[in-house]
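Any value given below was found using the heavy atoms of this structure, including those in side chains, with hydrogens, waters and symmetry copies removed. All values reported here derive from a predicted model rather than from experimental measurement. In what follows, chains carry the letters A, B, and so on, assigned in the order in which the sequence lines appear, proteins first and then strands, with residues in each chain numbered from 1.
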There are 2 protein chains.
Amino acid sequence: MTETTENKDLVQEDVQAENEVEETEVKVEEQEVELTIEEQYEAKLAELQAKLDDEENRHLRLRADFDNIRRRNQLDREAAEKYRAQTLLSDLLPVIDNFERALQVEATSEETASIVKGIEMVYRSLIEATEKEGLQIIKAEGEQFDPNVHQAVMQEQDIEKEAGVVLRELQKGYMLKDRVLRPTMVSVNE
Amino acid sequence: MTETTENKDLVQEDVQAENEVEETEVKVEEQEVELTIEEQYEAKLAELQAKLDDEENRHLRLRADFDNIRRRNQLDREAAEKYRAQTLLSDLLPVIDNFERALQVEATSEETASIVKGIEMVYRSLIEATEKEGLQIIKAEGEQFDPNVHQAVMQEQDIEKEAGVVLRELQKGYMLKDRVLRPTMVSVNE
């Protein structure tokens, strides 16, 4: 029986993998039986190895998903943090507009001048609070018209200035950090 | 050779698992050789099965971590969203305080009255914008003192009112949704 292993390769039987090799009914000739068992074991081993490979691949995929979701969450968190005040700041823009309009009065009495001075301080503290959260005025007057941050609502002509230059601001525009919150409404030189 | 499987249990040899069963030198008696190979296969199968079990456990743990991190991120996102305006609102509280102080003037001329009226509209639009983001005034005057939302800065005595009741608000307090942004500074009845 020393040739057992060498003979194995010669037997090319279709091996049905059984759950319990020990219970296989052995009705064929001796050498064949031994090789069949080996082949059955090999099939079981191959089957297990395939399952293991599958499992390892499944793990790698999940690991990759895991890393992706972690990275995406990090980016989402950073963006949410960066623009967290966007809604409130957008709602404050008309408040600031009205504030500026209300402060454009000409004070003729000392009483009025004193009130306006007090209100101007409130206005400045409001602007400071919004600047702290990243609100910035968009530069417009005298700048080259930029459709990314300016909205042209009319054209005018000033022959002393370059064509395409912003002549007047009709409504202030604002950025929240690198995002345009509201473009400046402008008149542009023809 | 039909008793092969029955005999297997009787042979209690210390089987050294070899990488290549086919190359094992077979020098012992026939039945024993066959059983040794089986045992070697069984050892390999057990080893692979153990690896597979490990891998499945590893996968389950990673899956659980994955679900946890997803759940936690969801909660983080909801909290960040809920209180997103907290910093700006905190910075706006002194602005609102100063606004209210500035509006407490007695207008003696028509000009002043007109300006104050315009500014009051700006004030109301500011308050509306903050309310939209969840800012609410904490009730204080006449309420039972509540250390969660009130900060007692002095005691006074009003025998006509219950002990422990808030007599006066010295500075307004605010909630952001269910969070105390600033407690109301109050005087409490002795």
Under 4.5 Å from any heavy atom of chain B, what part of [X] do you find: side chain, backbone, both or neither?
X         : result
Leu126(A) : both
Gln86(A)  : neither
Arg101(A) : neither

Is it the case that over 12 heavy atoms from other parts of the model lie below 6.0 angstrom from the [atom1] atom of [X]?
X         : atom1 : result
Lys117(B) : NZ    : no
Glu162(A) : CD    : no
Ile159(A) : CD1   : no
Glu78(A)  : CD    : yes

Taking a hydrophobic cluster as the set of Ile, Leu, Val, Met, Phe, Trp and Tyr residues connected by side-chain heavy atoms closer than 4.5 Å, whether directly or through intermediates, do [X] and [Y] fall within one such cluster?
X         : Y         : answer
Leu93(B)  : Ile137(B) : yes
Val153(A) : Val149(A) : no
Tyr83(A)  : Leu135(A) : yes
Met154(A) : Met185(A) : yes
Tyr174(B) : Val95(A)  : yes

Determine the option with the most heavy-atom pairs under 4.5 angstrom with chain A, choosing from [options].
options                       : answer
Thr87(B), Leu103(B), Leu89(B) : Thr87(B)
Met121(B), His59(B), Arg84(B) : His59(B)
Asp97(B), Val105(B), Asp54(B) : Val105(B)

Any chance the side chains of [X] and [Y] put a donor and an acceptor closer than 3.5 Å?
X         : Y         : value
Arg77(B)  : Asn73(A)  : yes
Ser109(B) : Ser109(A) : no
Gln40(B)  : Tyr41(A)  : no

With rounding to the nearest 0.5 Å, note down the distance linking [atom1] in [X] to [atom2] in [Y].
X         : Y         : atom1 : atom2 : result
Glu106(A) : Ile115(B) : CD    : CD1   : 10.0 Å
Leu45(A)  : Glu47(B)  : CG    : CD    : 9.5 Å
Asp65(A)  : Arg70(B)  : CG    : CZ    : 8.5 Å
Leu52(B)  : Leu52(A)  : CG    : CG    : 6.0 Å

* Leu88(A)/Leu92(B) under side chain to side chain contact (heavy atoms under 4.5 Å, CB included): CA gap, chis, key distance, verdict -> CA-CA 11 Å; Leu88(A) 180 51; Leu92(B) 288 179; 4.3 Å; yes
Answer key: most heavy-atom pairs under 4.5 Å with chain B among Asn98(A), Thr130(A), Thr108(A), Ile96(A) is Thr108(A)
Looking only at Arg58(A), Glu128(A), Lys51(A), most heavy-atom pairs under 4.5 Å shared with chain B are made by Arg58(A)
With ring centroids as reference points, do Phe99(B) and Tyr123(A) lie under 6.0 angstrom apart? no
Applying a strict 4.5 Å limit to non-hydrogen atoms, the region of Lys132(B) in contact with chain A is side chain
Next on the checklist: Donor-acceptor pair, distance only, cut-off 3.5 Å: does the side chain of Glu56(B) make one with the backbone of Glu55(A)?
Outcome noted: no
Self-check item: Ring geometry between Phe66(A) and Phe66(B) (parallel below 30°, tilted from 30 to 60°, perpendicular above 60°)
Solution: tilted
